[in-house]
Novice: 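Once you've had a glance at the structure underneath, I'll fire off some questions.
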Protein chains: 2
Amino acid sequence: MTENIYRLPHQIVYYETDPTGKLSLGKLVDLMMLASYAQGKAVGMPEEKLNAQGQGWVITQHLLSVTRLPRRDEKVVIETKATAYNRYFCYRDFWLRDEQGEVLAKMHTAFVLLDLKTRKITRITSDVIAPFGPEPLRSIERLASPKRLAKVELAKDYRVRYFDIDSNHHVNNVHYIEWMLDVLDKDFLMEHEPVALNIKYEHELNYGQTCTSKVELLRSKDELTTLHEIYMADGTLSCSAQVTWR
Amino acid sequence: MTENIYRLPHQIVYYETDPTGKLSLGKLVDLMMLASYAQGKAVGMPEEKLNAQGQGWVITQHLLSVTRLPRRDEKVVIETKATAYNRYFCYRDFWLRDEQGEVLAKMHTAFVLLDLKTRKITRITSDVIAPFGPEPLRSIERLASPKRLAKVELAKDYRVRYFDIDSNHHVNNVHYIEWMLDVLDKDFLMEHEPVALNIKYEHELNYGQTCTSKVELLRSKDELTTLHEIYMADGTLSCSAQVTWR
């Protein structure tokens, strides 16, 4: 445990796959979050304990890169490690490996600690973070933001449904990814594979609210990128992302 | 293996729970289907083999009863057994048990075998069904149909999204359950627990199609029942259900 890496074995099941038969991007992030939650339990700082003291981790950004998405029935291991933290941010790395240990995907995630009553960011204290063993940082990591849309090519509306919210009454962060990708049509999604995702969460949506998911496609000689923005009904930006495809 | 029951251990994870912190009805059915799929692999008649010979199992009806829905992190076992079959139907039972072996939920499901090319029901041959060991029946089971709506009290529209379809390009049967329940509002769903579900599948929806999910509430002295119907845009009934609550 000196390296502080937590390992979660998993076998991909049919409802984690998309029409291409491969693990969907949203479910990949779900599995990674599961490893992070399991580590909390393993080190004696589970989410329930944090919630009981009026706090909760909230994701502000994911930077994901994908080499290959596993298929139904494939056995994988999800690894995670809290790498570093400063006063307000905790950084965590994730790896998805196949049975041979090859890295299939990597993710770097920034979390903040929320005061559940005031819904404001609160300072990360050592009792909360020390069990995970990350390095203290004086600085804040400068993570590139997703590029913003210059024009909207496709847009669809989504309403936050009952089953989109979890026991903390939050919309699971993975639904934003699905709302972003669903706007691209089936042919596009069947014919392209995501290579990288940079997603930044700005304002949380709540049950019953509607949002508009907008897309712009950028095609260059050797790269295909889609830019995504989700807006709340009042025009507030909820979430933005940039996806690279092959 | 003489009893032909397949057992799948599972631990409930956070994204299988709903805002009440308990396993959602849709995810419960997903887990049961997983046990059925795993049994196919275990007895040498996996879905992939069936698909390769141009056939696939399709659900026509679920009859589910629930004693208690397990919570996040709870360890459970899903059991399944193909109980009986006739020329056109196969019947399968499912049990969800807690760690002490107590039954938390039971389900009886009717399947038909589809010719994937013609999309028509095809006769169940013994090579397909014998590995599961069900009893041959001469008759067809008479399963009660869900009661039909007399008036529509609530209705919402849903569009089949990319991530609602699986690698067979079908809408996972569980999404119909979510479209039915989501129409009831959050307060209702937070304050009531499902005791029984009878759901009958009539016409499959495809990617991009929209449907309308309609509900009627029936309150009697000692029972609360909701009736559900999902209609395709052209007015065809796609699915109907009856849910009893406590």
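Lettering of chains follows the sequences in order, A, B, ..., and the numbering in each one begins at 1.
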Novice: Quick check for you: to the nearest 0.5 Å, what is the distance between Tyr14(B) atom OH and Asn172(A) atom CG?
Specialist: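 Atom-to-atom, Tyr14(B):OH and Asn172(A):CG are 4.5 Å apart.
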
Novice: At a heavy-atom distance under 4.5 Å, which candidate from Val174(B), Leu184(B), Asp73(B) has the highest pair count against chain A?
Specialist: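 So the answer, after comparing Val174(B), Leu184(B), Asp73(B), is Asp73(B).
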
Novice: I'd like to verify something: which residue of Glu47(B), Met190(B), Met33(B) has the highest number of heavy-atom pairs under 4.5 Å with chain A?
Specialist: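 Heavy-atom pairs under 4.5 Å are most numerous for Met190(B).
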
Novice: Using a cut-off of under 4.5 Å for heavy-atom pairs, which of Ser24(B), Gly26(B), Ala38(B), Pro19(B) has the most such pairs with chain A?
Specialist: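 That would be Pro19(B).
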
Novice: Contact part of Asp185(B) toward chain A, heavy-atom cut-off under 4.5 Å: side chain, backbone, both or neither?
Specialist: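 For Asp185(B), heavy atoms of backbone and side chain both lie under 4.5 Å from chain A.
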
Novice: Need one label for Lys27(B): side chain, backbone, both or neither, based on atoms under 4.5 Å from any heavy atom in chain A.
Specialist: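 Neither part; nothing is under 4.5 Å.
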
Novice: Would you indicate whether the side-chain heavy atoms of Lys156(B) and Arg161(A) approach each other to under 4.5 Å?
Specialist: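 Counting from C-beta outward, Arg161(A) and Lys156(B) never come under 4.5 Å.
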
Novice: Using a 4.5 angstrom heavy-atom cutoff, name the option from Leu189(B), Val13(B), Thr20(B) with the most pairs to chain A.
Specialist: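 The residue among Leu189(B), Val13(B), Thr20(B) with the greatest pair count is Leu189(B).
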
Novice: Would you mind checking which part of Asp18(B) comes under 4.5 Å of any heavy atom in chain A, side chain (CB onward), backbone (N, CA, C, O), both or neither?
Specialist: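 Contact with chain A is through both the backbone and side chain of Asp18(B).
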
Novice: At what distance, to the nearest 0.5 angstrom, does CG of Asp164(B) lie from OH of Tyr15(A)?
Specialist: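 With rounding to 0.5 Å, CG (Asp164(B)) is 15.5 Å from OH (Tyr15(A)).
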
Novice: Does Tyr207(B) use its side chain to pair, donor to acceptor, with the backbone of Lys186(A) at less than 3.5 Å?
Specialist: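 Yes.
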
Novice: For the OH atom of Tyr158(B) and the CZ atom of Arg159(A), what is their distance to the nearest 0.5 Å?
Specialist: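 That separation rounds to 4.5 Å.
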
Novice: Please classify the contact of Lys22(B) with chain A as side chain, backbone, both or neither, using a heavy-atom distance under 4.5 Å.
Specialist: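 It is neither, since no heavy atom gets under 4.5 Å.
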
Novice: May I ask you to establish whether Arg72(B) and Tyr37(A) are in a cation-pi arrangement, using a distance under 6.0 Å from NZ or CZ to the six-membered ring centre and at most 45° from the ring axis?
Specialist: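 Judged by the rule, Arg72(B) and Tyr37(A) form a cation-pi pair.
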
